[in-house]
Amino acid sequence: MAGVLSGCQIVLDLSTSVGFKKKQEVRSTITQNGGVISYIVTKKSTHVVLNDAEKADVSYKCKMAAKFCIPVVSLDFIFDCISQGKLLDTDNYLLVGKTKAQEFSSGKISGKLTNLKKFTRGLGLS
């Protein structure tokens with residue numbers, strides 16, 4: 001199903017303060033808009049959604065997200081993307097980690113080695 005969240009694999013890390021019905025609403029909103037719910041953080045995950053920033057320090061999912069450089073965003077990110085009809089930049093919704101501008105200014109550039117090898121082969125450098 002195509003939608004605003006197509007291509008997004010979203011991990012929910014919602015505390016007990018979010019009721020069952022609200023959690024169901026969040027899950028169905030994500031899937032109705034093309035997103036996929038994941039229950040574990042993997043390299044394929046695109047976002048971790050957290051409702052309690054104080055929980056970030058102790059959350060295993062947030063620690064794994066940091067390890068894989070996956071943005072940890074607030075619940076507002078999901079609803080704002082849907083209301084605006086497009087996938088928004090995560091920088092305004094980050095609860096953990098650095099914005100893209102902060103990472104760039106510190107010299108951190110991420111990319112897969114396989115893509116680099118293909119690129120250099122294409123240039124005749126390997």
Side-chain angles (χ1 to χ4, degrees):
M1 172 188 291
V4 174
L5 300 174
S6 287
C8 294
Q9 187 170 333
I10 299 168
V11 179
L12 296 175
D13 194 0
L14 305 176
S15 70
T16 54
S17 66
V18 178
F20 179 77
K21 287 184 179 183
K22 181 68 174 178
K23 287 179 184 177
Q24 290 298 98
E25 177 192 340
V26 171
R27 285 186 191 106
S28 67
T29 299
I30 290 169
T31 55
Q32 287 171 3
N33 286 279
V36 174
I37 301 289
S38 178
Y39 294 94
I40 59 172
V41 179
T42 67
K43 292 179 183 178
K44 293 181 181 180
S45 302
T46 58
H47 303 84
V48 173
V49 175
L50 186 67
N51 72 305
D52 184 359
E54 292 178 11
K55 182 182 174 185
D57 292 338
V58 295
S59 167
Y60 178 75
K61 290 179 181 179
C62 289
K63 289 176 185 174
M64 292 303 293
K67 177 181 176 180
F68 295 131
C69 298
I70 298 166
V72 177
V73 296
S74 68
L75 201 49
D76 292 337
F77 173 76
I78 299 296
F79 293 108
D80 288 354
C81 285
I82 292 161
S83 69
Q84 294 185 35
K86 64 181 180 179
L87 193 61
L88 300 171
D89 190 351
T90 58
D91 284 0
N92 297 329
Y93 300 91
L94 280 181
L95 296 178
V96 176
K98 297 179 179 181
T99 65
K100 291 175 194 148
Q102 288 170 328
E103 284 186 2
F104 186 73
S105 69
S106 68
K108 182 178 179 181
I109 299 174
S110 61
K112 294 190 178 187
L113 186 57
T114 54
N115 291 340
L116 180 60
K117 287 179 182 176
K118 288 177 186 176
F119 177 73
T120 55
R121 255 188 258 135
L123 295 175
L125 299 174
S126 59

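Just so you know, these numbers use all the heavy atoms, side chains as well, and skip hydrogens, waters and symmetry mates. Values in this document were obtained by computation on a predicted structure and should not be read as measured data.
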Exercise for review: Check step by step if side-chain contact (heavy atoms from CB on, under 4.5 Å) holds for Val73 and Leu95.
Suggested key: CA-CA 5 Å; Val73 296; Leu95 296 178; 5.9 Å; no
Practice item. Applying side-chain contact (heavy atoms from CB on, under 4.5 Å), run through Leu87 and Cys8 and close with a yes or a no. Key: CA-CA 9 Å; Leu87 193 61; Cys8 294; 3.9 Å; yes
Check your understanding: So which heavy atom on Ala56 is nearest to which on Cys62, and how close?
Key -> O-CB, 3.5 Å
Check your understanding: Looking at NZ of Lys63 and CZ of Phe68, how far apart are the two atoms once the value is rounded to the nearest 0.5 Å?
Key -> 14.5 Å
Point to revise | Smallest separation among heavy atoms of Lys23 and Val18, with atom names | key: CE-O, 3.2 Å
Review point. Tell me the salt bridge (charged side-chain N to carboxylate O under 4.0 Å, His left out) pairs involving residues 39-56, sequence neighbours left out?
Key: Asp13-Lys55
Study note, to complete from the structure: Heavy-atom nearest pair, Ile70 first then Val48, reads CG2-N, 4.1 Å
Review point. Should Val72 and Tyr60 be counted in the same cluster of Ile, Leu, Val, Met, Phe, Trp and Tyr side chains packed under 4.5 Å apart?
Key: yes
Review point. Atom OG1 in Thr29, atom CD1 in Ile82: separation rounded to 0.5 Å?
Key: 5.5 Å
Study note, to complete from the structure: Scanning both residues in full, the closest heavy-atom pair of Thr46 with Gly7 reads CG2-O, 3.8 Å
Point to revise | Co-membership, hydrophobic cluster, residues Val36 and Leu50, 4.5 Å side-chain | key: no
Point to revise | Heavy-atom donor-acceptor pair, Lys61 side chain to Val11 backbone, under 3.5 Å | key: no
Exercise for review: Could you tell me the separation between the OH atom of Tyr39 and the CD1 atom of Ile37, rounded to the nearest 0.5 Å?
Suggested key: 6.5 Å
Review point. Can you check whether Gln9's main-chain N or O pairs, donor with acceptor, with Ser45's side chain at less than 3.5 Å?
Key: no
Review point. In Å and rounded to the nearest 0.5 Å, what is the CG to OH distance from Leu75 to Tyr93?
Key: 11.5 Å
Practice item. Using modelled atom types only, decide if a donor and an acceptor are shared between the side chain of Asn51 and the backbone of Ser15 within a distance under 3.5 Å. Key: yes
**Study point:** Intermediate values then yes/no, side-chain contact (heavy atoms from CB on, under 4.5 Å), Ser38 and Ile40
**Key:** CA-CA 6 Å; Ser38 178; Ile40 59 172; 4.3 Å; yes
Practice item. Kindly determine whether Leu12 and Val26 satisfy side-chain contact (heavy atoms from CB on, under 4.5 Å), including the steps that lead there. Key: CA-CA 9 Å; Leu12 296 175; Val26 171; 4.0 Å; yes
Review point. When rounded to the nearest 0.5 angstrom, what distance separates CD1 in Ile10 from CZ in Arg27?
Key: 12.5 Å
**Study point:** Atom pair CD1/CG of Ile78 and Asp76 - distance to nearest 0.5 Å
**Key:** 10.0 Å
